[in-house]
Amino acid sequence: MNTMTATAELIRESQSTTWTSVCEASDLIPDTGVCALVNKQQIAIFYSGRLNEYFAIGNYDPVGEANVLSRGILGSIGDHVVVASPLYKQHFNLRTGECLEKPEHAVPTYAVRIYDGRVQVHA
Amino acid sequence: MKQRIIVVGNGMVGHKFIDGLLNSNAAADYEIVTFSEEPRLAYDRVKLSYYFAGSTVQDLMLTSETEYQARGVHYTLNDKVVSIDTASNQVTTASGRTESYDKLVLATGSYPFVPPVPGKDQPHCLVYRTIEDLEAITASASVSKVGVVVGGGLLGLEAANALKNLGLQTHVVEFAPRLMAVQLDEGGGQLLRRKIEALGVNVHTEKNTKEIVAGETCRYRMNFADGSFLETDLILFSAGIRPQDELARQCGLAVGERGGIVINNSCQTSVDNVYAIGECALWDNRIFGLVAPGYQMAKVAVAHITGGTDQFTGADMSTKLKLLGVDVASIGDAQGRTPGSQSYVFSDGVAEVYKRLIVSADGKKLLGAVLVGDVEAYGTLQQICVNHMDLPDAPEQLILPAVEGGGVTMGVDALPDTAQICSCYDVTKGAICCSVQNGVTTLSGLKDATKASTGCGGCAALVKQVMDSELVKLGVEVSNNICEHFAHTRQELADIVRVKKIRTFDELLDQHGKGLGCEICKPAVASILASYWNEYVLKPEHMGLQDTNDIFLGNMQKDGTYSIVPRIAGGEITPDKLIVLGEVAKEFNLYTKITGGQRIDLFGAQLHQLPTIWKKLIDAGFETGHAYGKSVRTVKSCVGSTWCRYGVLDSVGMAIAIENRYKGLRAPHKLKFAVSGCTRECAEAQSKDIGVIATENGWNLYVCGNGGMRPRHADLFATGLDDDTLIKYIDRVLMFYIRTADRLQRTSVWLENLEGGLAYLKKVVIEDKLGIAQDLEDEMTSNIANYQCEWKTTIEDPQKLKRFSHFINSAARDDNLAYVIERDQPRPATSEERALKIPLIELVEN
């Protein structure tokens, strides 16, 4: 098991740059999400093929109380780009983290970029 | 001092009275005492036939002892009031109890009329009124092959449906020259007969039963006055009802010449403080054998007792119902008995539709109508009739098909606010509109708010029309669009995909939609694309359209873990395989439960564990159970002739053969099967999409049943089949369903919407009316040849395995998972348990 080494590398990298590389850009299938572990935080990262845009929010669904948002379906409600939780289908705004149905629940958002062919998160 | 009200009889109407009194503003002024001779409180007698379709007694109950206790109603079951003393205001029960009253309400109902035929009192000669009667019918049917219903009225035909569903060869014997003689005219009665006979029920009219004697081929022989006879094992009398007025007679209340307790417009009997309501009451020399007028009487009696002014002034006896799958409706003066009345008749022999309008001599008012085969116009016609609305200039358009320039509906806007839309619960158009104005926008919301359409349900379409029309007036758009991204229904999208040969979601969205799509349209389009172009659903361009269950080939549970459901065909499993399941569950600390489909679910598998677990299971000979897909789930079976003393055929062997044949088959919705080894039906095959029951003559095939949220009894499709014919028919039925059903449409709803219904399906499958039987079989053969265990394919492909990790950049597991042990097994910890740090178990690191 090489978990320890991998985590250690990640921490070193984040300390040196504040941007953390999590995977190759080609690892993200358009209109799907993945979950990355950055500084012990679970971050859901999405790539919208239609918008050619990357998004990163917390992976924890505060309504369903589980780490599942990266496995939701990407879409839009009105002008909001959203992910629907795979548990109870509430929509979370990918730009603001706000839950459309239950505004009292919000998830954190993170900056995300492509750098040298790699997906990087600022967390 | 509270007034004491005794209600004799706790049927539908008696309960309605109690409920009404308790809901009135003056409820606190009354103490209510009720007696029932039946062993339970009020239940829904109108839905009695649902009992045979799988409803339990509990489903039929209108109230409960707990509710009565909570509301302070004193009730006594199994004890009948046997005498009334109107001078001293007291009643005495069979058990000898005496109770006094201030007001007495008789809601004793009616009893089934059994004609005085010699031999009528033998065993297996039954009636159809109470739950106990239904239990007796079920018991008798299990030892009978042929059943006869005496009486071809509304209840008789319902009873015939019950016998047919119990698997009996069914006959209806009617004294009058036609079926439903009270509600239908001759043309309607004839068509109803043709349709019912086409369903396999034999109809005998103008038969006067002379005697019931011992039979030769069956238990009994019924001899008729015209010299003919009929052999049968079971006789069900349903020849009308008689008011239960014995108590009233005995204490000297006025009763009608032909029975019934005489009441006035306030529902009072000849003694002022004694009321009679429901089927025991006689108003204007008429008995009302429907529940809606009974409810009206209950309401009037409550009003009179509490000082209101409501009057009972007769009731609309219009009815709409489905008898043996045939739609029938009767409105007002259906037989045109009003002097000078005229008729419009529309009759389509091919489509088997009959409609007749009876209009006044001047042609301006609608007096009545008969509809058989197509009752869509019922709501409109009934409203025109009871509200005495003016007919349009060409009234025939109300019953002509749309292509002939007809199909005109008056439009609910024409109805007055006082128009009664739901007669069971007396809900007016005004009340519905008011609810909508207060923010109700769905049919279910409306049902909660007004109770409209929660009785017999006959008014559902009309209620929806009133609601939609009111929503439009309020500026709310009424839309059947699948979601905000497509201005189309699901079916329209399917047509567009097929006709324009669209291959991807993006292409469809570019040409016909807007926005990015959502969790509603994406999976729907994915399933449309898969069914037309048969592409691998997890190709990169389709991946983002799928629900997590489809991507990870498991069902996501509330904490984000998945369930593992290996196929256990027919529920048969070797000890070795059971041990493997146990070992795997133990190794990965999974919660195990046996399902209703006779297999074993393992819960709590984390994403990264799924491939390892499945590899172990596949190595031990298991394969995926497709529990996550719209496909064949399970074939439940009883143990059958190999072990069971009563088994007739090898149900387990057949169940395994069927499950292995159709496993992996993608369908518009999930499919469940069952095979029973004899007619005791331990596998509950009649609640399944495909049900097979062994008989001494071969397999009986049932189709399109359903359990779950909206249960439906399966229809008997064919009898006495050999193995090959059985499989051939199932192939054809399934493929025809897959080809013609809407997305997410269960077989039950599909059959109900299929034009021509069961008879048509039989023609297609058994007689090959469309000449497509071979195609259907070939398509099934090719489908079967393409079967693959998706989990086997997945674990053999390193590329696919990459997805199965909680993190893309770490092999760590989700640290939010927490479990407690309950009954020796893990389950997700609740938030309270997490907060209180109740000892959580350590997750194994694998």
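Keep in mind it's a predicted model, so treat the numbers as computed, not measured. Every chain is numbered from 1, with letters handed out A, B, ... down the list of sequences.
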### chain B contact via R71(A) - which portion, at a heavy-atom distance below 4.5 Å
both
### Summary
Counting heavy-atom pairs under 4.5 Å with chain B, the top scorer among C23(A), S48(A), A66(A), A36(A) is A36(A)
### Query
Can you tell me if CG on D797(B) sees more than 12 non-hydrogen neighbours from other groups inside 6.0 Å?
yes
## Note on the structure
Given Q557(B), K514(B), H485(B), K802(B), the one with more heavy-atom pairs under 4.5 angstrom with chain A than any other is H485(B)
### Side-chain donor-acceptor contact under 3.5 Å, S21(A) with Q120(A)
yes
### Task
Answer with side chain, backbone, both or neither: which region of N549(B) has an atom nearer than 4.5 Å to a non-hydrogen atom of chain A?
neither
### Message
Just by distance, no angles: are the side chains of Q609(B) and T612(B) close enough, under 3.5 Å, to form a donor-acceptor pair?
### Response
no
### Message
Applying a heavy-atom distance below 4.5 Å, give me the residues of residues 81-103 of chain A that approach chain B, sorted by number.
### Response
V81(A), A84(A), P86(A), L87(A), Y88(A), K89(A), H91(A)
### Task
Please round to the nearest 0.5 Å and tell me the distance separating atom CG of L602(B) and atom CD1 of I613(B).
7.5 Å
### Query
Do E587(B) and K616(B) meet the salt-bridge criterion of a basic N to acidic O distance under 4.0 Å?
yes
#### Entry: Residues E53(A) and R113(A) bridged, charged N to O under 4.0 Å
no
### Step-by-step salt bridge (charged side-chain N to carboxylate O under 4.0 Å, His left out) determination, R827(B) to E833(B)
CA-CA 11 Å; R827(B) 66 152 172 80; E833(B) 286 162 344; 2.8 Å; yes
### Task
Side chain from CB out, backbone as N, CA, C, O: work out which of these in I29(A) comes under 4.5 Å of a heavy atom of chain B, or both, or neither.
side chain
### E484(B) portion near chain A, given a 4.5 angstrom heavy-atom threshold
side chain
### Task
Could you check F552(B), F804(B), Y628(B) and say which one makes a ring pair (Phe, Tyr, Trp, His ring centres under 6.0 Å) with W791(B)?
F804(B)
### Query
What residue, out of G49(A), S76(A), G78(A), has the most heavy-atom pairs lying under 4.5 Å from chain B?
S76(A)
### Message
With chain B as the partner, which of V68(A), N67(A), L74(A) has the greatest number of non-hydrogen pairs under 4.5 Å?
### Response
N67(A)
### Message
Can you confirm if the aromatic rings of Y54(A) and Y47(A) lie within a centre distance of less than 6.0 Å?
### Response
yes
### Query
Is K615(B) salt-bridged to E796(B), going by a charged N under 4.0 Å from an acidic O?
no
#### Entry: Most contacts with chain A, counted as non-hydrogen pairs under 4.5 angstrom, among G515(B), P523(B), G517(B), C518(B)
G517(B)
### CD1 on I43(A) to NE2 on H122(A), rounded to 0.5 Å
11.0 Å
### Query
Charged N to carboxylate O below 4.0 Å: is that the case for R50(A) and D510(B)?
yes
#### Entry: Proximal to chain B - members of residues 56-64 of chain A, heavy-atom separation under 4.5 Å
N59(A), Y60(A), G64(A)
### Summary
Assert top hit (heavy-atom pairs under 4.5 Å, partner chain A, pool L607(B), T561(B), L509(B), I520(B)) equals L509(B)
### Message
Determine whether a donor-acceptor pair (N or O, by modelled atom type, separation under 3.5 Å) exists between the side chain of N39(A) and the backbone of A123(A).
### Response
yes
### Query
Do any N or O atoms from the side chain of R803(B) and from the backbone of I551(B) form a donor-acceptor pair under 3.5 angstrom?
yes
### Query
Using non-hydrogen atoms only, which part of L51(A) is less than 4.5 Å away from chain B: side chain, backbone, both, or neither?
side chain
### Task
Go through the atoms of K522(B) and report whether side chain, backbone, both or neither lie under 4.5 Å from a heavy atom of chain A.
side chain
### Message
Any donor-acceptor pair under 3.5 Å linking the side-chain atoms of Q606(B) with those of D814(B)?
### Response
no
